[in-house]
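These notes concern the structure reproduced below.
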Amino acid sequence: MSKYIFVTGGVVSSLGKGLASASIGKLLEARGLKVTILKCDPYLNVDPGTMNPYQHGEVYVTDDGAETDLDLGHYERFTSGKFSKDNNITAGKIYYSVITKERRGDYLGKTVQIIPHITDEIKSCIKKVSKEQDVDVVIVEIGGTVGDIESLPFLEAIRQLRWELGEHYAINIHMTLLPYLKACGEQKTKPTQHSVGTLREIGIQPDILLCRTERTIPQEQREKIALFCNVDVEAVIEAADVKSIYEVPSAYKKEGLDGLILKKLNIKTSERDLKHWEDYVIKRLRHPKHEVNIAVVGKYIQLPDAYKSIYEALVHGGIAADAKVNIVKMDSEELEKGKIDKYFKDISGILVPGGFGSRGIEGKIKAIKFAREKNIPFFGICLGMQLASVEFARYVCGLKTANSTEFDKATKDPVISLLAEQHQVTNLGATMRLGAYPCHLERDTKAFAAYKKEDISERHRHRYEFNNEYREALASKGLIFSGVNIQRDLMEIVEVKGHRWFLGCQFHPEFQSKPDKPHPLFRDFVAAAVSL
Ligand code: GLN
């Protein structure tokens with residue numbers, strides 16, 4: 001039977017519960033346990049797929065085509081797990097399912113209520129994951145901050161689950177903040193006390209407190225927190241700021257967090273093995289031999305979370321190349337104004353990420369043209385690949401008004417267009433081409449050189465596709481179609497002949513990159529930039 005770790009957060013949002021859950025997963029895997037991680041989001045959207053990046057940051061896509069919270073990206077980057085649609089529960093999904101059952105008459109005349117119907121649905125979704133994924137430990141992260149109205153049903157569900165499971169089968173870890181007040185030169189524990197008090201009011205006593213702090217917690221403060229929050233002193237864990245997110249597991253290790261969890265859950269394991277992670281990932285992150293500037297040209301660059309997986313995958317590529325990657329975020333709308341050279345003076349690689357809508361498109365095309373003409377390593381992802389094809393059609397093949405029909409429905413040369421099936425789509429939620437699809441690679445291409453195999457599988461999230469009517473025209477001028485989905489004859493990867501490294505892919509490779517296993521395309525793109 002699986003054991004459970006419930007992770008909640010208090011005091012403020014954005015404490016990094018996702019990273020904490022991922023790091024706990026990493027530490028438990030390092031002890032040989034099989035782990036899965038689940039995110040519960042209290043909002044009413046069925047999934048984040050319809051949300052603007054300004055609202056929610058990146059939408060992370062799983063192999064089975066679920067559009068999920070970006071914390072699932074952290075979970076997959078830190079652990080060996082491959083997660084599914086079941087690893088992200090939202091209040092919207094829960095209510096949708098309960099209301100569908102009510103309409104079907106499944107509740108047999110009963111009044112349908114938050115308790116027990118919503119809470120039972122939450123519990124059954126959590127238990128389903130533990131059953132189907134056959135793991136030793138299920139980590140359940142509850143989004144939001146304790147005290148919010150909307151997360152209450154989730155907290156009640158985990159309270160009940162813990163009661164049902166009994167001692168040693170479930171624990172609660174509560175993450176809080178110890179703000180430092182300069183005026184008195186002290187870390188304040190009161191917000192933590194209040195937040196634990198709020199948790200206790202709804203029947204949850206935390207077993208472990210993960211205290212976010214900018215400074216070391218003095219012993220007396222640890223004792224004070226323990227006394228007033230009703231936990232052991234050893235269960236007050238310092239979660240200090242670290243240089244890189246990949247150092248979080250080691251920071252917890254130093255505090256003895258994994259040993260404490262295992263003790264509370266009564267699990268015996270082998271010794272912890274974090275050697276490769278610390279000797280390779282952390283060492284290279286701390287002392288890189290090289291340094292490289294890579295521009296990411298997008299429209300959500302003010303937002304650190306909008307291109308989260310891309311930024312992380314670039315860091316992973318940097319680890320492989322033993323280089324510090326300085327990500328230079330460029331606003332594509334800004335590039336539309338005037339001469340472009342000045343923006344790319346110290347840049348050794350240009351990446352154009354995915355996106356939707358017409359804002360900033362021409363700036364991205366300008367950046368792509370610059371990379372192609374100046375032989376600067378270029379990586380286009382999803383929209384970036386579509387625009388690379390448009391740029392090539394316009395400026396190499398002379399199809400001056402070439403475009404994607406997403407931006408110009410009446411264009412004479414729709415190099416990128418909708419597949420017939422997408423014309424029938426009326427609902428926006430979960431109707432894109434989503435999830436993992438196979439792709440066949442041509443030998444003697446940059447793509448093949450990276451993957452070193454002919455058949456790959458990559459995750460998608462888009463409606464538009466390369467229009468095969470333009471395939472021959474573009475190929476005859478030197479656009480290489482190095483990756484194809486054979487089943488449906490869809491062009492998945494394009495390269496420019498004779499260029500140092502110019503590759504666009506219709507899929508999202510960033511979702512499969514890990515610090516200790518960089519994605520081959522990110523690895524080779526960063527390597528090309530380092531050797532420019
Ligand atoms: N807007 C484009 C499409 O829907 C690209 C999507 C993306 O970059 N994820 O096809």
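Atoms within each ligand, like the ligands themselves, are counted from 1 in listed order.
- Remark: Y464 engages no residue in a ring pair (Phe, Tyr, Trp, His ring centres under 6.0 Å) (not counting sequence neighbours).
- Salt bridge annotation for E247-K243: absent, with no cationic side-chain nitrogen under 4.0 angstrom from a carboxylate oxygen.
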Extract all N/O-N/O pairs under 3.5 Å that connect ligand 1 to the protein, and present each with both atom names and the distance rounded to 0.1 Å.
| unit_1 | atom_1 | unit_2 | atom_2 | d |
| --- | --- | --- | --- | --- |
| ligand 1 | 1 (N) | G355 | O | 2.9 |
| ligand 1 | 1 (N) | E406 | OE1 | 2.7 |
| ligand 1 | 1 (N) | E406 | OE2 | 3.1 |
| ligand 1 | 4 (O) | R463 | N | 3.0 |
| ligand 1 | 8 (O) | G355 | N | 2.9 |
| ligand 1 | 8 (O) | L383 | N | 3.0 |
| ligand 1 | 9 (N) | R461 | O | 2.8 |
| ligand 1 | 9 (N) | H508 | NE2 | 3.3 |
| ligand 1 | 10 (O) | Q386 | NE2 | 3.1 |
| ligand 1 | 10 (O) | R463 | N | 3.1 |
| ligand 1 | 10 (O) | Y464 | N | 2.8 |

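- Ring centroids of H519 and F525 are separated by 6.0 Å or more, keeping the two rings apart.
- Judged by a 6.0 Å distance limit and a 45° cone about the ring axis, R433 is positioned over the six-membered ring of Y437.
- The distance between the ring centers of H499 and F378 does not fall below 6.0 angstrom.
- Ring to ring, F344 and F370 are close: their centroids are under 6.0 angstrom apart.
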